[in-house]
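Beneath this line is the structure, given in structure tokens, with notes to follow.
The figures that follow rest on heavy atoms only: side chains count, while hydrogens, waters and symmetry mates do not. Read the numbers this way: they start at 1 and go in the same order the structure lists the ligands and their atoms.
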Amino acid sequence: MQSNLQSKLHVAIIMDGNGRWATRRGLPRRIGHKMGIEAVRRVVEAAPKLGIGTLTLYAFSADNWKRPETEVAALMGLFRRYMRTEAARFARAGVRLTAIGRRDRLPEDLAAGIEWVEAVSAQGQALHLRIALDYSSRDAILRAAASANGADDLTPEGFSRLIKGESDCPDVDLLIRTSGEQRLSDFLLWECAYSELHFTDTLWPDFRAEDLAAVLEEFKGRNRRFGALPDRGDAEQVTMAHRVGA
Ligand code: FPP
């Protein structure tokens with residue numbers, strides 16, 4: 001059903017810098033997260049027009065439970081509200097939402113809200129929006145390995161399906177992280193094997209649709225080789241490929 005989205009870009013975003021955005025304005029961190037939701041709305045609306053078929057957003061990592069209880073509660077409240085308020089918008093825009101990560105540690109009403117939005121948005125054909133909640137890539141890989149135990153004919157594609165939990169999700173083409181940090185933080189480690197990386201100093205609440213468009217424009221100029229020789233056979237490109245060991 002999602003085959004039209006499969007052939008489009010998969011962009012993943014580590015939405016970093018909400019806390020600093022708020023602190024710099026003398027505001028509580030939760031206000032930064034609230035403004036972060038506005039940035040989420042902007043990129044979700046812009047994504048289909050920019051050729052993005054799958055958008056995976058890192059909203060809450062398994063390690064984020066280590067944050068103060070008040071901040072965790074504020075985030076859970078925002079996620080809960082997001083599930084409640086976005087369903088109608090998703091229906092209008094043809095967005096299909098799924099959540100990745102553990103469900104068993106989320107508040108029960110949030111887990112139920114996610115299931116409800118997943119069900120009512122399941123027919124969406126314009127964008128597959130994946131929200132990573134209580135997510136750890138290492139945990140996803142370990143669980144996939146456990147469920148594959150004993151399979152001696154396992155292929156990378158088969159293992160990919162076990163990790164992603166769905167057959168129609170392509171690997172990540174482009175990973176963006178905001179706020180100047182340059183690390184993966186246990187996000188989509190398998191799926192990013194050949195993704196292009198883009199780091200920007202912009203704090204997440206300041207990230208606009210135009211920023212996403214500019215990042216994609218720059219991405220389109222990149223020469224992705226997947227370990228092979230470059231598409232363009234000119235001498236300079238070939239030399240470069242050898243220099244990086246491609
Ligand atoms: C990182 O900023 C951001 C988070 C841990 C939460 C991300 C959540 C949102 C953008 C809001 C809701 C999202 C959805 C999809 C409903 P930080 O707190 O680590 O910022 P800092 O590094 O400046 O402290």
Side-chain angles (χ1 to χ4, degrees), residues 10-47 52 54-90 93 95-103 105-107 109-118 120-121 124 127-137 175-188 199-209 211-212:
H10 182 176
V11 173
I13 308 183
I14 302 178
M15 309 176 288
D16 202 1
N18 294 349
R20 273 163 287 168
W21 185 95
T23 305
R24 283 177 196 174
R25 288 164 175 78
L27 298 168
R29 292 174 55 85
R30 70 185 154 75
I31 303 296
H33 296 313
K34 197 162 172 244
M35 297 309 287
I37 297 243
E38 294 307 318
V40 168
R41 291 200 175 103
R42 291 195 292 270
V43 298
V44 168
E45 193 190 332
I52 298 171
T54 308
L55 179 65
T56 305
L57 302 178
Y58 207 2
F60 192 87
S61 79
D63 286 321
N64 286 151
W65 294 113
K66 296 174 193 158
R67 292 190 176 200
E69 224 173 283
T70 48
E71 181 165 345
V72 169
L75 280 166
M76 294 301 146
L78 283 175
F79 300 144
R80 204 179 282 123
R81 253 195 310 286
Y82 184 78
M83 296 302 156
R84 256 204 318 267
T85 57
E86 296 311 284
R89 204 187 294 250
F90 289 162
V95 175
R96 170 195 176 202
L97 178 135
T98 58
I100 57 170
R102 287 180 64 167
R103 304 264 172 114
R105 300 190 293 194
L106 297 177
D109 56 350
L110 173 58
I114 291 168
E115 261 185 51
W116 176 71
V117 182
E118 284 180 334
V120 299
S121 71
L127 177 72
H128 182 188
L129 172 63
R130 303 193 322 148
I131 308 271
L133 280 172
D134 194 4
Y135 178 82
S136 154
S137 186
L175 174 88
I176 301 169
R177 183 168 189 151
T178 58
S179 91
E181 309 292 347
Q182 301 190 3
R183 53 180 172 267
L184 293 179
S185 300
D186 201 10
F187 190 44
L188 304 175
F199 301 105
T200 170
D201 287 338
T202 304
L203 301 178
W204 177 249
D206 290 328
F207 198 79
R208 320 253 140 209
D211 297 313
L212 182 60

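- Between the side chain of Arg25 and the backbone N or O of Trp21 there is at least one donor-acceptor pair closer than 3.5 Å.
- Scanning the protein heavy atoms around atom 1 (C) of ligand 1, the nearest turns out to be Met15 O, 3.2 Å.
- Under a 4.0 Å criterion applied to the non-hydrogen atoms of Trp204, ligand 1 contributes the atoms 10 (C).
- When each atom of ligand 1 is checked for a heavy atom of Arg20 under 4.0 Å away, the hits are 21 (P), 22 (O), 23 (O).
- The closest side-chain heavy-atom distance from His10 to His128 is not below 4.5 Å.
- Residue contacts with ligand 1: Arg29 is placed with a nitrogen or oxygen under 3.5 Å of a nitrogen or oxygen of the ligand (distance criterion only).
- Remark: minimum distance from atom 15 (C) of ligand 1 to any protein heavy atom is reached at Ile131 CD1, 3.4 Å.
- The protein non-hydrogen atom at the shortest distance from atom 7 (C) of ligand 1 is Ala59 O, 3.4 Å.
- Close N/O approach between Tyr58 and ligand 1 is not found [any backbone or side-chain N/O within under 3.5 Å].
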Below 3.5 Å, can you tabulate the donor-acceptor pairs from side chains in residues 34-44 to any protein atom, sequence neighbours excluded?
residue, atom, partner, partner atom, Å
Glu38, OE2, Arg41, NH1, 2.8
Arg41, NE, Glu86, OE1, 3.3
Arg41, NE, Glu86, OE2, 3.0
Arg41, NH2, Glu86, OE2, 2.9
Arg42, NE, Phe207, O, 3.1
Arg42, NH2, Pro205, O, 2.9
Arg42, NH2, Phe207, O, 2.8

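- In terms of polar-atom proximity, defined here as any N/O pair under 3.5 Å, Gly19 does make such a contact with ligand 1.
- The two residues Ile13 and Phe187 have their closest heavy-atom pair at O-CE2, 3.9 Å.
- Residue Asn64 approaches ligand 1 through these ligand atoms, each under 4.0 Å from one of its heavy atoms: 5 (C).
- Remark: ligand 1 atoms within the under-4.0 Å shell around heavy atoms of Ile37 are 11 (C), 12 (C), 16 (C).
- Shown are Asp134, Ile131, Thr56, Leu133; of these, the side chain to side chain contact (heavy atoms under 4.5 Å, CB included) with Ile100 is made only by Thr56.
- Contacts between Phe60 and ligand 1, counted as non-hydrogen atom pairs separated by less than 4.0 Å, are absent for every part of the residue.
- For Ser179, the heavy-atom gap to ligand 1 stays at 4.0 angstrom or more.
- Of all the atoms in ligand 1, the ones that sit under 4.0 Å from a non-hydrogen atom of Phe79 are 12 (C), 13 (C), 16 (C).
- Here the closest non-hydrogen pair linking Arg96 and Gly124 is CB-O, 3.7 Å.
- When non-hydrogen atoms are compared, ligand 1 lies under 4.0 Å from neither the backbone nor the side chain of Leu203.
- From the protein, the heavy atom lying nearest to atom 11 (C) of ligand 1 is His33 O, 3.7 Å.
- The main-chain N or O of Ser179 is found under 3.5 Å from a side-chain atom of Arg20 such that the two form a donor-acceptor pair.
- Of all non-hydrogen atoms in Asn64 and Val72, the two that sit nearest each other are O-CG2, 3.7 Å.
- Between Phe60 and Phe79, the ring planes are perpendicular. Angles over 60° get that label, and only those under 30° would be called parallel.
- Contact check for Leu97 versus Met83: side-chain heavy atoms found under the 4.5 Å cut-off.
- Under 4.0 Å from ligand 1, heavy atoms of Asn18 appear from its side chain as well as its backbone.
- Considering backbone and side-chain N/O atoms, Trp21 never comes within less than 3.5 Å of an N/O atom of ligand 1.
- Taking all atoms of both residues into account, the shortest heavy-atom contact from Met15 to Tyr58 is CE-O, 3.2 Å.
- Heavy-atom proximity to Arg67, at under 4.0 Å, picks out these atoms of ligand 1: 5 (C), 17 (P), 18 (O), 19 (O).
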